[in-house]
Amino acid sequence: MDGQYPWRRAEETEIDLTDFLKKFCRQWKRITICALACAFLLGMAGWLRGRNGPDAGSREQEYAELEEIELTEAEQQAVEDAMRLEREIIGLETYLENSVLMQLDPYHKNKVIMLYWIDRAERQELPVITESYLHFVLNGGAADALLKSGSWKLDKGCLAELISAYQKTNSLSYQIVSDSSSDSSTVPGSFFYVEITGRNAKTAENMAQDMQNLLEKYSESAQKNAGSHRLTLIDCTKNVTADSSLQSQQHDKKALLSSSKTSLISMINGFSVNQKQAYYAAGGIKNEDKEELENEAGTDSYRRIIKYMFLGLAGGIFAYGGIFFCWYFFSDQIKSPEEMKRLYTMPVYGKLVPENRNQEKARMLNQIRIGCRRRGIKKLYAASDFMLGVKERQCLESIAVQLREWDIDMEAAENAIADASLWDEIPEAAGVLMVCRLGLTTRNMIDDGMNFYLENDIAVIGSVVFSANI
């Protein structure tokens with residue numbers, strides 16, 4: 001018991017979490033308004049940020065002037081890596097699309113093998129002559145000559161990979177028996193093979209025929225530059241074979257293309273909007289890419305607005321909850337009958353509402369009757385420090401009717417503390433039933449009333465509480 005307020009049970013206010021949550025949920029209209037207002041304001045902020053931020057302005061200017069796009073060193077390096085990988089992908093796609101070799105069935109490869117014989121050459125000149133023919137076939141000379149002929153409309157690299165030339169590993173110069181009068185500095189000659197691969201058997205035969213004609217023409221140039229000799233076609237064989245190395249080569253190229261595309265997509269998906277702009281600008285952006293980037297930028301702006309709106313909704317709810325909590329904690333108003341029971345020593349008979357069941361009402365009346373009998377009270381004042389409403393008067397009148405049956409006269413006293421004349425001729429056997437209203441009556445009002453009744457030796461038998469919305 002406090003020395004200054006002997007009717008007080010405790011000075012500190014405790015939070016009734018259940019009551020707090022109930023009252024907070026009843027504020028759903030205000031919560032909704034606050035949340036929607038915050039969602040609108042933050043949504044507008046997100047829209048303005050997107051409008052005035054790095055995505056704003058002329059898209060054409062952003063695409064044309066890459067240097068205006070601000071990137072960190074790491075971001076710029078990532079864009080350059082993506083551009084390098086894209087160039088590799090484009091080159092590989094072009095190769096796979098144009099290469100006859102990559103489109104062949106590796107299990108049914110049509111080829112023509114021609115065997116050539118070089119003779120009537122000096123011993124020291126023979127290796128140079130042979131290497132001259134191999135160089136012509138393998139290093140682009142034959143492909144250039146075929147393209148100039150106009151019969152083949154292929155990329156030089158794709159045409160060159162259809163032509164190969166080689167010598168057997170045991171293709172040392174073949175010696176023949178000669179008489180003693182023959183020149184010992186001459187040797188019979190050497191062999192080399194020319195292999196032609198075609199899309200089909202007919203194509204392989206036609207290319208092999210063209211290659212024969214080219215080698216005959218090249219022979220004249222080789223005789224002038226490498227040394228005198230004779231080139232002879234010994235045999236020409238057509239064949240269809242299964243080439244496992246070609247199958248592995250095709251598989252490796254396609255696997256490399258697939259993995260490169262996957263890597264490029266992963267890199268681009270990890271880019272920021274600025275990086276994507278720089279990537280497309282550096283690569284000579286196409287119209288469809290530009291539209292895609294604009295759509296993506298619009299989608300990012302839309303997502304930003306939605307995100308800000310959700311943050312606004314959550315923020316509005318939390319903001320109102322914080323304000324309501326501060327009011328609930330620091331407010332001096334009485335919020336529940338349980339709070340009065342914790343704070344004051346006087347009996348709290350309960351909360352008066354029109355929906356009170358007969359059993360609850362009978363229990364409250366019996367408690368009031370017992371309280372009056374213990375103190376010998378015959379006259380009871382239902383004293384409030386505010387003006388009663390219609391329903392509140394009706395509730396008190398129904399209580400007064402029942403108390404009269406028990407020889408207890410109850411009278412309502414509104415604004416009891418302000419109207420001091422009410423207590424000038426108070427009977428000795430009189431008491432007070434304090435009437436409070438939730439959300440209106442404060443602890444100071446109760447303390448002032450109790451102090452007044454205590455100073456005037458007026459017995460307070462207890463209190464009843466009216467709901468705030470009665």
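Numbers here simply count residues along the sequence, with the first being 1.
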Look at the side chain of T232 and the backbone N and O of I234, then say whether any donor-acceptor pair between them is shorter than 3.5 Å. no

If I compare all heavy atoms of L134 with all of A165, which pair ends up nearest, and what's the gap? CD2-CB, 3.7 Å

Tell me if a side-chain donor or acceptor on Q223 pairs with a main-chain N or O of R230 at a distance below 3.5 Å. no

For F40, which residues count as a side chain to side chain contact (heavy atoms under 4.5 Å, CB included) partner, sequence neighbours excluded? M44

S266 side chain to T262 main-chain N or O, any donor-acceptor pair under 3.5 Å? yes

Would you please say whether a donor-acceptor pair under 3.5 Å links the side chains of T203 and N200? yes

Quick check against the 3.5 Å criterion: does Q275 have a side-chain atom that pairs as donor or acceptor with the backbone of S272? yes

Treating Q167 as the side-chain partner and F192 as the backbone partner, does any N or O pair qualify as donor plus acceptor under 3.5 Å? no

Flag for S221-N225: side-chain donor and acceptor within less than 3.5 Å: yes

Can a side-chain donor-acceptor contact be found between Q247 and D243 if the only test is distance below 3.5 angstrom? no

Expected output: side-chain T441 to main-chain L438 donor-acceptor under 3.5 Å: no

I need the minimum non-hydrogen distance between F466 and C395, along with the two atoms involved. CE2-CB, 3.9 Å

Is there a donor-acceptor contact under 3.5 Å from the side chain of S132 to the main chain of V128? no

Distance-only, no hydrogens or angles: does the Q103 side chain make a donor-acceptor pair with backbone N or O of E97 under 3.5 Å? yes

Counting neighbours of CZ on F310 that are heavy atoms of other residues, nucleotides or ligands and sit closer than 6.0 Å, is the number greater than 12? no

Would you please name every residue forming a side chain to side chain donor-acceptor pair (under 3.5 Å) with E205, sequence neighbours left out? K238

Under 3.5 Å, is there a donor-acceptor pair between the side chain of E339 and the main chain of K335? yes

Just say parallel, tilted or perpendicular for the rings of H229 and Y133, cut-offs at 30° and 60°. perpendicular

Check each of E88, M83, R84 against E86 using the side chain to side chain contact (heavy atoms under 4.5 Å, CB included) test, and report the only one that passes. M83

Nearest heavy-atom neighbours spanning S190 and L126: OG-CD1, 3.8 Å

